[in-house]
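Below: the structure, in C-alpha cells.
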Amino acid sequence: MSQVRVRFAPSPTGFFHIGSARTALFNWLYARHTGGTFILRIEDTDNARNSEEFLNVIYDSLRWLGLNWDEGPAVGGCGGGECGPYRQSERAHVYREYLEKLKATGRTYEKDGAIWFKLLGEREEVYDDFRKKTVTKVKTAPMVIDDAIRGRVERVEDEDFVIVRSDGNPVFHFVNVVDDIAMKITHVIRGEDHLSNTSKHVALFEAFGVKPPVFAHIPLILKQNGPGKMSKRDQGALIEEYQKRGYLPEAVVNFITLLGWSPGGDREKLPIEEIVTLFDLPAVNQSNARFDDKKMAHMNMLYLLALPPEQFVARAREYFARNGVDTGAASEAYVAEVLALAQPKIKGVEELPAYTAYFWSETYPTDEKARAKATGKGEPKARLAELIEAVRVMDLGSDAAIEAAIKALAEARGLGFGDYQGVARIALTGLAAGPSITSIVRLLGRERVIARLERFAAGL
RNA sequence: GUCCCCAUCGUCUAGCCCGGUUAGGACACUACCCUUUCACGGUAAGAACCGGGGUUCGAAUCCCCGUGGGGACGCCA
C-alpha cells in the first residue's frame, strides 16, 4: 500500500472559517490516522482577491488548531517538502509544462483568447434557457467518481470548460488537478460543494492518463439560523473569533470533529490522540450538519473545567493581556487565586473580566436588579452593620474560619448564613452571582471589605 | 430549470452495512435534588425514525416513488 498523501488547499480570499477548518481537520486526521502526509497548498491563482493578510490568517488558524502540515509553505516549523513550491502563484512553470502535455494529446483548443479543455463525443448547439445563452453540449459517457464517503457517484460532464484564462492565468479546475498529480495526492478530502466539480477533475485526470485519487466529499456545515451553508458572515463562523474569545483550541477541534463524524456510541469529549486512532473516512456522515454555538460553548466549558489550574490561569492571563483587562496593583499570586476561583464557575474565558471586575478595583458596576432583590427584604442595614463589626475582629486566614465566624454571628441572632451572604455579595461585588462569599471576603481583605460594606450601607 | 448529494428528538448524533432495541447519548428547554449565591454535578420529564408504496412473519434498517433540505451549473476557488 502506497503512502497516503492528502492536501488542504485553501485560497486566501477571506477569513478562515469553520467549514475550512473542518476540511483541514479531516485531512489532517486522515493523514495522522494512516501515518500519511498532510500537505498545505495555497490556491492563490491570480484573481485579484488574494491577500497576504488572509494568507497569514490561514497559517495562524491552522497552527492555533494544532493542524501542523508536513509539506507546504515553510512557516513556524511546518512545511517544506519535495513537491514545492506550495503556492500556486509560484508554480506557473509546472502548469505550463502540464499544459504542453495536454496540448500534445489534442484535448485543448483556443477560443476567445482562452484555452479550453475538449470533451470527447458528439456535439450539438443547445439554447440553455436557465443561463440564457447558446452552449455546446457534448455527448459523453458518465464520469465515475469513487467516493470514500458516498460510494460510487456518476455525473455526466457535457460542456467543454476553460482551463487557462485569456489573461494567461490557469483556472482552478486545471491547477487543482495538475497539483494533485504533481504532488502525488492519493486522497482528495473536501467539501461536498465540490462534488459537482469532480466530474471535470476526473475528466482531466483521465486526459493526463493518470488514475484519479480517491475522493471523499464531506458534508457541509449549515448556518445556525436560516437556510443555506455557513458563510463567513455568520455568527461563530470565523476561527479567528474563537481565538479572540479565548476558546480552547482543543475544544474547538473536538467540537468540529463531531460535526459530521462520531466515534460511535455515547462518547463526545475525547482527546485528539484518540480521535486520530478512531477517525476514518467511511465513518464520516453523508448529511449536512447545522452549527450550534451553545454546544460549542458547552464543549469549551468541559475542556476549561478539565484544565489544570495553572494552565487555566495562564490562558486567562493571556486573555486579559490581549484585551487590556487591568488587574490594578494586584499581585501575581492574588490574580492567580482569583482566576482559579472563577475557573469552575464560568463557561468561557470571555466571561472572566465581568466576573472578576470587583477584585481589581473599587469601582465596579452594580447590577441594580440584583441590588433591589438583595436589599428588598429583611433588614439589610442591620445585617450589614453586624457584619462590619464581625469582620473587624474576624479571623480571615481561611474560608473555613470566615464561614465559622459568619455562622456564629447568624446563630447568635437566630438567623441563617444566607441572611448575610446575600447582602454581603451585592455590597462587595455588585453582582448576584459569583464565587463563594467566604473566598471573596478572604481575598479582598479586612480593609476593603469593611470599606465596601460601609459605603454600601450608607447608600441604603 | 438541469444535474448531483442527503433525510432519526428543536440541534449534533448512536443504531442502518449484516431487518426483531422500552430507538440510546449529548446540547437546549422544564421540574426537582445538592448548595451560602451562581455554576458544576445528580435525578426526572417532554421530545425523533419526512410521507406513500413495496419486499418480508417482521422495516428506522433493504428497494421504488413523492416531498423536503443542501450543493453545483463563472475566463471565482
Side-chain angles (χ1 to χ4, degrees), chain A residues 9-14 43-45 47-50 88 111-116 128-131 135 142 145 147 149-151 153-159 161-173 175-176 190-200 217 219-222 224 227-229 255 258-269 282 285-299 301-302 305 342-347 351 355 370 373-374 403 406-407 410 416-422 424-426 429 431-438 440:
Chain A
S11 82
T13 55
E43 306 225 333
D44 56 350
T45 48
N47 60 8
R49 299 195 305 160
N50 296 303
Q88 291 185 331
K111 193 176 94 181
D112 304 329
I115 300 173
W116 295 65
D128 184 325
D129 200 45
F130 184 69
R131 284 182 289 171
V135 294
I145 299 151
D147 196 290
I149 294 169
R150 284 152 213 286
V153 177
E154 279 189 17
R155 186 171 183 278
V156 174
E157 191 61 42
D158 60 359
E159 279 179 41
F161 52 92
V162 171
I163 54 175
V164 180
R165 298 184 187 91
S166 47
D167 67 4
N169 283 311
V171 164
F172 162 71
H173 302 297
V175 295
N176 194 267
R190 48 157 52 151
E192 203 224 66
D193 47 347
H194 283 292
L195 189 51
S196 307
N197 289 328
T198 306
S199 46
K200 285 188 178 68
H217 287 94
L220 269 20
I221 299 176
L222 270 26
Q224 183 153 238
K229 63 173 172 170
F255 175 76
L258 262 22
L259 250 29
W261 178 82
S262 160
D266 296 342
R267 308 213 303 140
E268 291 196 332
K269 178 173 183 280
N285 284 151
Q286 303 179 25
S287 51
N288 296 340
R290 201 170 288 279
F291 177 74
D292 181 353
D293 62 349
K294 286 233 177 71
K295 191 146 187 175
M296 167 77 110
H298 179 259
M299 184 62 81
M301 183 204 70
L302 255 27
L305 234 36
Q343 179 180 9
K345 304 281 216 166
I346 57 161
K347 247 181 150 65
E351 294 173 16
Y355 196 82
K373 203 176 166 200
E403 186 177 338
I406 297 177
K407 274 191 172 152
F417 189 101
D419 291 303
Y420 292 93
Q421 194 273 146
R425 180 175 297 282
I426 192 69
T429 74
L431 299 171
S436 133
I437 195 69
T438 54
I440 292 170

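Keep in mind the model is a prediction, meaning the values are calculated, not measured. Just so we're on the same page: letters track the sequence lines, and every chain starts at 1. Side chains are part of it too, since the values below use all heavy atoms of this structure and drop only hydrogens, waters and symmetry mates.
Side-chain atoms of F417(A) lie closest to rU36(B) of the nucleotides rU36(B), rA72(B), rG25(B). Here the nucleotide nearest the side chain of P227(A), chosen from rA77(B), rC38(B), rG70(B), is rG70(B). Closest approach to the R150(A) side chain among rG70(B), rC6(B), rC27(B) is made by rC6(B) (side chain taken as heavy atoms from C-beta onward). Here the side chain of D292(A) is nearest to one of rC27(B), rG24(B), rA72(B), namely rC27(B). Closest to the side chain of S166(A), out of rU37(B), rA72(B), rC75(B), is rC75(B). Side-chain proximity of E192(A) to the nucleotides rG70(B), rA77(B), rU13(B) is greatest for rG70(B).
rG74(B) atom P lies 18 Å from atom CG of N176(A), rounded to whole Å. Between the CZ atom of R290(A) and the P atom of rU8(B) there is a distance of 12 Å, given to the nearest Å. Rounded to whole Å, the distance from CD1 on I440(A) to P on rU37(B) is 13 Å. If you take CG of N288(A) and C1' of rC4(B), they are 13 Å apart, rounded to a whole angstrom. The nearest whole Å value for the distance from the CD atom in E157(A) to the C1' atom in rC3(B) is 10 Å. Whole-Å rounding puts the K295(A) NZ to rA26(B) C1' distance at 4 Å. If you take CG of D266(A) and P of rA14(B), they are 11 Å apart, rounded to a whole angstrom. In this structure, the CD atom of E351(A) is 16 Å from the P atom of rC38(B), given to the nearest Å.
Within the 4.0 angstrom heavy-atom criterion, only backbone atoms of the sugar-phosphate kind lie near G260(A); the bases stay farther away. Backbone-only contact: R131(A) has heavy atoms under 4.0 Å from sugar-phosphate atoms and none from a base. Nucleic acid contact for N197(A): base, since at least one base atom lies under 4.0 Å from a heavy atom of the residue. At the heavy-atom level, T438(A) lies under 4.0 Å from base atoms of the strands shown. Contacts of Q286(A) with the nucleic acid, taken as non-hydrogen atoms under 4.0 Å apart, involve only primed sugar atoms and P, OP1 or OP2. Here E268(A) lies in heavy-atom contact (under 4.0 Å) with a base. Residue G434(A) is classed as a base contact, given a heavy-atom separation below 4.0 Å to a base. When heavy atoms are screened at a 4.0 angstrom cut-off, K269(A) is found touching no nucleic acid atom at all. Among the atoms of the strands shown, only primed sugar atoms or phosphate atoms (P, OP1, OP2) are found under 4.0 Å from some heavy atom of L258(A). Within the nucleic acid shown, H194(A) comes within 4.0 Å of at least one base atom, counting heavy atoms only. If you check every strand for non-hydrogen atoms under 4.0 Å, N285(A) touches sugar and phosphate atoms only. Among the protein residues, G228(A) comes within range of the sugar-phosphate backbone only, with heavy atoms under 4.0 Å from sugar or phosphate atoms but none that close to a base. Contact annotation for A289(A): backbone-only contact, meaning every heavy-atom pair under 4.0 Å involves sugar-phosphate atoms and none involves a base. When heavy atoms are screened at a 4.0 angstrom cut-off, E154(A) is found touching the sugar-phosphate backbone but no base atom.
Comparing rC38(B) with rG15(B), their P atoms sit 40 Å apart, to the nearest whole Å. rA59(B) and rC64(B) have their C1' atoms separated by 15 Å, given to the nearest Å. Going from the C1' atom of rG69(B) to that of rA31(B) covers 35 Å, rounded to whole Å. rG51(B) and rU8(B) have their C1' atoms separated by 15 Å, with the value rounded to a whole Å. For the P atoms, the distance linking rU11(B) with rG70(B) amounts to 13 Å, nearest Å. When the C1' atom is compared between rA60(B) and rC50(B), the two are found 12 Å apart, to the nearest whole Å. Comparing the same atom, P, in rA23(B) and in rC16(B) gives a spacing of 15 Å after rounding to whole Å. When the P atom is compared between rA47(B) and rC33(B), the two are found 24 Å apart, to the nearest whole Å.
At a threshold of 4.5 Å between non-hydrogen side-chain atoms, the residues T198(A) and R190(A) count as touching. Here the side chains of R425(A) and L431(A) are not in contact, with every heavy-atom distance at 4.5 Å or above. For the pair Q286(A)/E192(A), no side-chain contact is recorded, criterion being any heavy-atom separation below 4.5 Å from C-beta on.
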- Residues E403(A), F417(A); criterion side chain to side chain contact (heavy atoms under 4.5 Å, CB included); working and verdict: CA-CA 8 Å; E403(A) 186 177 338; F417(A) 189 101; 3.8 Å; yes

- Task: Start with the C-alpha gap between D193(A) and K229(A), add the side-chain angles, then the distance that decides, and say whether side chain to side chain contact (heavy atoms under 4.5 Å, CB included) holds.
- Result: CA-CA 10 Å; D193(A) 47 347; K229(A) 63 173 172 170; 3.4 Å; yes

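The phosphate of rC5(B) has neither OP1 nor OP2 within less than 4.0 Å of any side-chain N or O from R155(A). In this structure, K200(A) does not reach the rA77(B) phosphate: none of its side-chain N or O atoms is under 4.0 Å from OP1 or OP2. Not one side-chain nitrogen or oxygen of S287(A) sits closer than 4.0 Å to the OP1 or OP2 atom of rG69(B).
Here rU21(B) sits opposite no nucleotide as a Watson-Crick or G-U wobble pair (both hydrogen-bonding atom distances under 3.5 Å). Partner assigned to rU2(B) is rA72(B), using Watson-Crick or G-U wobble distances below 3.5 angstrom. Base pairing of rC27(B) is made with rG10(B), judged by Watson-Crick or G-U wobble geometry with both donor-acceptor distances under 3.5 Å. With a cut-off of 3.5 Å on both pairing distances, rG46(B) has no Watson-Crick or G-U wobble partner at all. rG51(B) is paired with rC65(B) under the criterion used here, namely a Watson-Crick or G-U wobble arrangement in which both key atom distances are under 3.5 Å.
If you find the closest nucleotide of RNA chain B to A9(A) and to S436(A), the one lying nearer the 5' end belongs to S436(A). The residue among V156(A) and P219(A) whose nearest nucleotide of RNA chain B is located toward the 5' end is V156(A).
Ring pair H194(A)/F172(A) is tilted by interplanar angle, where 30° to 60° counts as tilted.
Between P263(A) and L258(A), the shortest heavy-atom distance links the atoms CD-CD1, 4.1 Å. In terms of heavy-atom proximity, L305(A) sits nearest to P344(A) at CD1-CA, 3.6 Å. When all heavy atoms of G260(A) and P219(A) are compared, the closest pair comes out as CA-CG, 4.4 Å. Considering every non-hydrogen atom in both L259(A) and A289(A), the closest pair reads CG-CB, 4.1 Å.
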What's touching nucleotides 39-46 of chain B from the protein side, N or O pairs under 3.5 Å?
from, atom 1, to, atom 2, distance (Å)
rA39(B), O2', K345(A), O, 3.0

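Here the side chain of D44(A) pairs no donor or acceptor atom with the backbone of S11(A) at under 3.5 angstrom.
The side chain to side chain donor-acceptor pair (under 3.5 Å) with N176(A) is formed by just one residue from the set K200(A), E43(A), Q88(A); it is E43(A).
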